[in-house]
Amino acid sequence: MINITLPDGSVRQYPKGTTSLQIAQSISEGLARNVLSAKVNGEVWDATRPINTDATLQLLTWNDAEGKSTMWHSSAHLMAEALEALYPGAKFAIGPPVENGFYYDIDFGDKTFSLDDVEKVEAKMLELARNNSEYIRKDVSKADAVKYFTEKGDPYKLELIEGLQDGQITFYTQGNFTDLCKGPHIPNTGFIKAVKLLNVAGAYWRGDEKNKMLTRVYGITFPKDKELKEYLVLLEEAKKRDHRKLGKELELFTFSEKVGMGLPLWLPKGAALREKLEQFMRKAQTKAGYLPVVTPHIGNKELYVTSGHYEKYGKDSFQPINTPAEGEQFFLKPMNCPHHCEIYKSSPRSYKDLPIRYAEFGTVYRYEQHGELHGLTRVRGFTQDDAHLFCRPDQVKEEFCKVIDLVLYVFNALDFKDYTAQISLRDPENKAKYIGSDENWGLAEKAIIESAAEKGLKTVVELGEAAFYGPKLDFMVKDALGRKWQLGTIQVDYNLPERFQLEYTGSDNQKHRPVMIHRAPFGSLERFIAVLIEHCGGNFPLWLTPDQVAVLPISEKYNDYAQKVLSLLNISDIRGLVDDRNEKIGKKIRDNEMKKIPFMLIVGEKEEAEGKVAVRQHGKGDIGVMAIEEFAKHIEAIIENDFKQKLN
RNA sequence: GCCGAAGUAGCUCAGCUGGUAGAGCAGCUGAUUUGUAAUCAGCUGGUCGGGGGUUCGAGUCCCUUCUUCGGCUCCA
């Protein structure tokens, strides 16, 4: 007998070789019907795999992330089975579960596979699923594994097997499909009741662009048709929050082929929003001791040779601008730091001056690959809320922690709760990609890890994600469709001060090298606003929104009064517009409601006579009549309260 | 840059197997002077992304190019 410890701490005894599924059955039939896999001693196993030792057991269902993951992994196999049946000769690479569903990378040979083809694959998958085929696990020797896939003619699987150790290779078979796989899988295909193949894309084999491009088919499955429908509705909702769509609808920004791809044009309302964010940041930075500086949009080639950017990105950036007479070369600035280094150098510095914090909303230009451009999140010209802190080595940690505070202040103010703090370190396998000494990298990485720990941030570590001159602490946020974007970033840099020969005179009257911290809480205004739009679905916080109120006269007779109302509100720093179109009030309400303007003030005969406004709140409707001043106070109170709540 | 898809009026979209463009909204003009999510009528507006080709004839078929979308690679 073996002892099985369940999550509630209870211990049950079963014969050796009992499966998780049988244990589930011994608890309840209903539970057994829903078990997808099980966590045995912390490892996710097939529910049908015999347990031979004492173990802790957690049964996994659709309600567990790992249960879903098992289901989706099995779904990838099912899709492969369907594809193999429909496209004989297709070769399979890898097919893992992902956050929302699964994919399989497939080599279709000469055939092209597009989204038009997915319907019949979905149908085939459902047909195969109804067979309730069991997923059967089998240990295979390396030689047998190689033999199987050699006969099948699948070079990708053979390459994968090469990297595996004999004795650790397993196959899974369901129906007519056998795959190299370590599992685990759901008991049988019958759990898969609803299938949707979402998109088809290219993906390089093993993620290397030198390799062949395979066809990646993304899909998702559900145990109930209803859940699929709900998911599709959710996707539709997310698409409505897409910043590219809302940016157009709310007249925030646009692009023009003539100006150039990836170069956003800010419309008045978008520019107003941007300006508010800039003001907010300027205020916060002034309080934190930053000094504003301004630098030009181009810089001499020598500047970037010194900084190392030329060597690293020279060929892959916008090509130089040549002067007509002197033959000098200038680059569009890809970063502000070299310019700021030169500002630091403009005057001798004493240890008493440090830290010096130079801040600039600096617009930079980077040549991004054509296929990578994406709305406002990936552009070729953007403005960073950049700053560079020059400090003594003993000040690094304190300054870094203060910057973390600032980033969190900004995120809180804008209700960005769902972020990941990512410590981006260099790839230890590929140090040639980076500049600077091991010693300096060590110091910088240590400073980041310690500061993040000191601030109690929950962090994930990503190797190979560092900047070429130093490690980073990045704040990652997801967009409406779940794509991750880097917003805020803080970087410790020992290298640029060396390259630029930055110095300060210490209390010992000797020259010392300062340490630089690069930081941008928003990251880029463009990307930040993109994510902000998607987070609030275009319903911006009252303090930020381009138009806070729309004054709607009942008829043209009250246009003058409406103007007067707006002027009075303007005095209290409330911004908005008068909708004096010759339309009925219902139409005006509808239109302004769709423009997501937070407050509508309806004014007619009664209001004019009493000097009041009838207030209608976006999404809520009529909230009553107020005096103009009362309404102004109401708005101010909301804004103040909002900040108080979020920033304590 | 790579794989796949798409590009028709300012916006959202229709246009079957090739027969010389259509709707709603927006805009303009007029009527109406309106009380909480679309007042009515009329009008304007498109070298169907650009270029080339096949054809008597191309929005529709072919080639090429640009841009956009979904991914991959990259991302200071």
Side-chain angles (χ1 to χ4, degrees), chain A residues 103 105 108 112-117 198-218 239 242 244-245 248-249 251 254-258 260-262 304 307-314 316-317 333-338 364-375 377-380 384 386 424 434-435 465-470 472 481 483 485-486 489 491 493 496 518 520 552-559 581-594 600-607 614-623:
Chain A
Y103 68 80
D105 283 348
F108 283 99
T112 57
F113 183 85
S114 79
L115 211 49
D116 302 331
D117 303 314
L198 297 160
N199 52 54
V200 178
Y204 299 106
W205 166 236
R206 302 211 132 169
D208 187 336
E209 63 180 324
K210 289 183 199 79
N211 287 339
K212 178 163 184 179
M213 182 159 274
L214 309 173
T215 305
R216 177 170 296 180
V217 184
Y218 284 90
K239 278 186 191 149
D242 190 317
R244 291 165 297 190
K245 186 175 157 67
K248 197 179 272 176
E249 284 171 9
E251 301 173 77
T254 188
F255 288 90
S256 148
E257 280 187 33
K258 245 187 190 133
M261 58 172 154
Y304 304 112
S307 70
H309 290 97
Y310 180 76
E311 194 196 339
K312 181 83 184 158
Y313 293 104
D316 301 317
S317 57
K333 76 171 164 188
M335 286 197 87
N336 303 299
C337 33
V364 297
Y365 301 90
R366 297 176 186 175
Y367 175 79
E368 303 290 359
Q369 290 189 85
H370 176 235
E372 188 54 47
L373 299 172
H374 182 99
T377 49
R378 200 70 195 276
V379 287
R380 285 180 167 175
Q384 297 176 311
D386 211 358
S424 302
Y434 309 92
I435 59 170
E465 292 294 312
F468 77 96
Y469 50 76
K472 312 189 281 177
L481 290 168
R483 291 176 287 225
W485 297 98
Q486 176 203 310
T489 179
Q491 311 167 5
D493 184 359
L496 280 189
H518 309 237
L552 316 184
I554 292 286
S555 82
E556 283 174 0
K557 280 187 274 184
Y558 312 105
N559 283 357
R581 293 174 304 161
N582 181 4
E583 294 288 353
K584 291 174 76 169
I585 195 68
K587 168 76 165 164
K588 292 186 188 183
I589 286 170
R590 179 183 157 81
D591 287 352
N592 288 289
E593 196 77 39
M594 290 198 301
M600 280 177 260
L601 305 180
I602 293 146
V603 295
E605 194 181 348
K606 274 181 288 177
E607 288 77 14
V615 185
R616 188 188 161 97
Q617 192 170 345
H618 173 72
K620 274 196 185 157
D622 199 343
I623 59 167

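Each chain gets a letter, A, B and so on, in the order its sequence line appears, and its residues count up from 1.
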Worksheet item: ring pair (Phe, Tyr, Trp, His ring centres under 6.0 Å) with Tyr204(A): which residues, sequence neighbours excluded?
Response: none
Worksheet item: Which residues pass the ring pair (Phe, Tyr, Trp, His ring centres under 6.0 Å) test with Phe468(A), sequence neighbours left out?
Response: His309(A), Tyr313(A)
Worksheet, complete the sentence: Rounded to whole Å, the CG-C1' distance (Leu214(A) to rG71(B)) equals 13 Å
Any strand counts, and the cut-off is 3.5 Å on both contacts for Watson-Crick or G-U wobble. Which nucleotide pairs with [N]?
{"N": "rU34(B)", "answer": "none"}
{"N": "rC25(B)", "answer": "rG10(B)"}
{"N": "rG4(B)", "answer": "rC69(B)"}
{"N": "rG18(B)", "answer": "none"}
{"N": "rU60(B)", "answer": "none"}

What nucleic acid atoms does [X] come within less than 4.0 Å of, heavy atoms only: base, sugar-phosphate, or nothing?
{"X": "Ala203(A)", "value": "sugar-phosphate"}
{"X": "His374(A)", "value": "sugar-phosphate"}
{"X": "Gly586(A)", "value": "sugar-phosphate"}
{"X": "Tyr218(A)", "value": "sugar-phosphate"}
{"X": "Met213(A)", "value": "base"}

Worksheet entry | With sequence neighbours excluded, residues passing side-chain hydrogen bond (donor to acceptor under 3.5 Å, both in side chains) with Arg590(A) | none
Distance between [atom1] atoms of [N] and [M] (Å, rounded):
{"N": "rA58(B)", "M": "rU20(B)", "atom1": "P", "answer": "11 Å"}
{"N": "rC16(B)", "M": "rC56(B)", "atom1": "P", "answer": "23 Å"}
{"N": "rG52(B)", "M": "rU47(B)", "atom1": "P", "answer": "16 Å"}
{"N": "rC11(B)", "M": "rG46(B)", "atom1": "P", "answer": "14 Å"}
{"N": "rU39(B)", "M": "rU34(B)", "atom1": "P", "answer": "15 Å"}
{"N": "rU65(B)", "M": "rC3(B)", "atom1": "P", "answer": "12 Å"}
{"N": "rC61(B)", "M": "rU17(B)", "atom1": "C1'", "answer": "12 Å"}
{"N": "rG70(B)", "M": "rG10(B)", "atom1": "P", "answer": "24 Å"}

Checking [X] now: which residues fulfil salt bridge (Lys or Arg N to Asp or Glu O under 4.0 Å) with it, not counting sequence neighbours?
{"X": "Glu209(A)", "value": "none"}
{"X": "Glu583(A)", "value": "none"}
{"X": "Lys248(A)", "value": "none"}
{"X": "Asp117(A)", "value": "none"}

Is a donor-acceptor pair below 3.5 Å formed from side chain [X] to base [N], judging by atom type as modelled?
{"X": "Tyr558(A)", "N": "rG35(B)", "value": "no"}
{"X": "Glu607(A)", "N": "rG35(B)", "value": "yes"}
{"X": "Arg378(A)", "N": "rC75(B)", "value": "yes"}

Report each atom pair, protein N/O against N/O of nucleotides 5-13 of chain B, whose distance is under 3.5 angstrom.
none

Worksheet item: Considering residues, nucleotides and ligands other than Gln617(A), do more than 12 of their heavy atoms fall under 6.0 Å from its CD?
Response: yes
Each nucleotide N or O in nucleotides 25-30 of chain B that has a protein N or O under 3.5 Å away: list the pair and distance.
residue, atom, partner, partner atom, Å
rA26(B), OP1, Lys587(A), NZ, 2.7

Worksheet entry | Any donor-acceptor N/O pair, Arg380(A) side chain to Tyr365(A) backbone, under 3.5 Å | no
